[in-house]
Asker: 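Before I ask anything, let me first share the structure, which is written out below as structure tokens.
Scope of the values below: all heavy atoms of this structure, side chains included, with no hydrogens, waters or symmetry mates. Lettering follows sequence order; numbering is per chain, from 1.
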There are 2 protein chains.
Amino acid sequence: MRLNQATDYAMRSVLYLSGLPYGQVVEAKLISEEERVPMRFLLKILRQLTQAGIVQSYRGINGGYSLARPPSEITMLDVVEAIEGPIAVNRCLHSPDECNKFFSAHCPVHQALYELQQGMKEHLSRYNFQMLKERVK
Amino acid sequence: MRLNQATDYAMRSVLYLSGLPYGQVVEAKLISEEERVPMRFLLKILRQLTQAGIVQSYRGINGGYSLARPPSEITMLDVVEAIEGPIAVNRCLHSPDECNKFFSAHCPVHQALYELQQGMKEHLSRYNFQMLKERVK
DNA sequence: CATAAACTATACTATATTAGTAAACATTAA
DNA sequence: TTAATGTTTACTAATATAGTATAGTTTATG
């Protein structure tokens, strides 16, 4: 029941970009050093964030990354799903045909887990990076 | 961000036991067949539930398992934690010394994840197996 | 128009976790 | 005493995690 390390790095990277003047481009190396994320791994993560439309990348010399939209329009859920794909608390909620008991909708355990999952998604989507950035002491 | 398969099996096994007259003992083989859980794997899971004080085991011929307390006193959180250990949404929340950025309490990302974690625990502890059993159609 | 500083793409790898299985043992009712 | 039950420990195949490596592409600038 854990978010993976890449997601942690991704959120901290987006938070870092959120703290810069909007639109400012910084190279991956700087994020890597500031946030202590292994460089190669970070590049992979930034590519996922780029493909998800959360950050914008610039190639070539003086290239780097910036946010693709204002921090207030990027939620924690956006970042989690960019890295891990859709949240699925349990196998049966992800692909009900794999449920080896009864169809998820009829199983009270799976019903309850579905409600948990919805609650988690709602919770994560309530936090945007404008809010988080204002929380930095 | 998924519960593992053993936890799914565990919850369904506890739900199954909750549907029986309180205190009734059934052998693992029956649970295995009814809930379609591989027998050997189920035995391992039942042992964890036994150690957590959720079910009671009886050895020898005519042995088996029953609930150790009424369904109303067993929550989904109890079962999840019996199988997976304490819920930790992220590495830094589990062991803050492993946090490679700043101490969790000072990082707004980790703060937000901590709130998510608390919300999840609260959510899971609101469901007990009396409730779930009454939801079975 | 060459070069070096950036990002991109694909493939590889060591380790840990997941989801079981196997073999030998302990308990207990009949 | 035996057979049906749970217990213990060890093993294993497959997958996921957390990266690393190698080769390539883009682009500002001198």
Side-chain angles (χ1 to χ4, degrees), chain A residues 1-13 17 24-33 35-52 54-66 68 80 83-85 88-92 94-95 98-100, chain B residues 1-13 17 24-33 35-52 54-66 68 80 83-85 88-92 94-95 98-100:
Chain A
M1 206 53 168
R2 259 184 228 194
L3 294 167
N4 61 35
Q5 195 54 34
T7 301
D8 185 85
Y9 291 154
M11 289 192 287
R12 283 164 34 204
S13 299
L17 291 173
Q24 177 161 344
V25 176
V26 295
E27 64 273 41
K29 188 157 177 289
L30 185 58
I31 304 176
S32 164
E33 287 166 358
E35 294 294 329
R36 297 178 208 176
V37 180
M39 177 64 175
R40 292 300 198 166
F41 196 31
L42 176 63
L43 286 170
K44 200 151 89 175
I45 291 165
L46 286 168
R47 217 168 325 124
Q48 290 180 275
L49 293 172
T50 302
Q51 280 160 9
I54 293 170
V55 311
Q56 169 84 44
S57 75
Y58 301 88
R59 305 182 66 172
I61 206 166
N62 297 332
Y65 301 88
S66 71
V80 169
I83 306 298
E84 306 198 355
V89 159
N90 146 311
R91 189 149 92 175
C92 300
H94 178 253
S95 39
E98 274 181 37
C99 184
N100 62 350
Chain B
M1 204 54 170
R2 260 185 226 190
L3 295 168
N4 62 34
Q5 194 54 35
T7 301
D8 185 86
Y9 291 154
M11 288 192 288
R12 283 164 34 205
S13 299
L17 291 173
Q24 177 161 342
V25 176
V26 295
E27 65 272 44
K29 189 157 176 291
L30 185 57
I31 303 176
S32 164
E33 287 166 358
E35 295 293 329
R36 297 179 208 174
V37 181
M39 177 63 175
R40 293 297 198 163
F41 195 32
L42 176 62
L43 287 169
K44 200 151 90 175
I45 291 165
L46 286 168
R47 216 166 327 121
Q48 290 180 275
L49 293 172
T50 302
Q51 279 161 10
I54 293 170
V55 311
Q56 170 83 42
S57 75
Y58 301 88
R59 304 180 66 171
I61 206 165
N62 297 333
Y65 300 88
S66 70
V80 169
I83 306 297
E84 306 198 356
V89 159
N90 147 310
R91 190 149 91 174
C92 301
H94 179 252
S95 40
E98 274 182 37
C99 184
N100 63 349

Asker: With a 3.5 Å distance limit and no angle check, can you tell me whether S32(B) reaches the backbone of A28(B) through a side-chain donor-acceptor pair?
Answerer: no

Asker: Quick check for you: to the nearest 0.5 Å, what is the distance between Y58(B) atom OH and Y65(B) atom OH?
Answerer: 12.0 Å

Asker: Does Y58(B) make a side-chain N or O approach to OP1 or OP2 of dT7(D) shorter than 4.0 Å?
Answerer: no

Asker: Figure out the CG/P separation between L43(B) and dA22(C), and round it to whole Å.
Answerer: 13 Å

Asker: Whole angstrom is fine here: how far is it from CD in E33(A) over to P in dA6(C)?
Answerer: 11 Å

Asker: In whole angstrom, give the distance that lies between atom CD1 of I45(B) and atom P of dT21(C).
Answerer: 11 Å

Asker: Would you find a donor on one side and an acceptor on the other, under 3.5 Å apart, between the side chain of E84(B) and the backbone of N4(B)?
Answerer: yes

Asker: Write down the protein N/O and nucleotide N/O pairs, taken from nucleotides 27-30 of chain D, whose separation is under 3.5 Å; answer none if there are no such pairs.
Answerer:
| unit_1 | atom_1 | unit_2 | atom_2 | d |
| --- | --- | --- | --- | --- |
| dA28(D) | O3' | N62(A) | ND2 | 3.3 |

Asker: dA6(C) P sits how many Å from Q56(A) CD, rounded?
Answerer: 18 Å

Asker: Enter the distance from N90(A):CG to M1(B):CE here, rounded to the nearest 0.5 Å.
Answerer: 13.5 Å

Asker: Within the 4.0 Å limit for protein heavy atoms, which parts of nucleotides 9-20 of chain C are touched? Write it as a string from 5' to 3', B for base, S for sugar-phosphate only, - for none.
Answerer: BB--------SB

Asker: Check whether any side-chain N or O of T50(A) sits under 4.0 Å from OP1 or OP2 of dC7(C), and answer yes or no.
Answerer: no

Asker: Enter the distance from R40(B):CZ to L43(B):CG here, rounded to the nearest 0.5 Å.
Answerer: 6.5 Å

Asker: Return the value, rounded to whole Å, for the distance between atom CD of E35(A) and atom C1' of dA18(D).
Answerer: 18 Å

Asker: Rounded to whole angstrom units, what separation is found between the NE2 atom of H94(A) and the C1' atom of dT15(D)?
Answerer: 14 Å

Asker: Looking at T7(A) and L3(A), would you say the former's side chain and the latter's main chain have a donor-acceptor pair under 3.5 Å?
Answerer: no

Asker: How many angstroms lie between CG in L42(A) and CD in E35(A), if you round to the nearest 0.5 Å?
Answerer: 9.5 Å

Asker: Can you measure from SG (C92(A)) to CG (D8(B)) and round to the nearest 0.5 angstrom?
Answerer: 5.0 Å

Asker: Once you round it to whole Å, what is the distance between C1' of dT22(D) and CE of M39(A)?
Answerer: 15 Å

Asker: What's the spacing between L49(A) CG and I83(A) CD1 if we round to 0.5 Å?
Answerer: 4.5 Å

Asker: Expressed as a whole number of angstroms, how long is the span from I83(A):CD1 to dA16(D):C1'?
Answerer: 16 Å

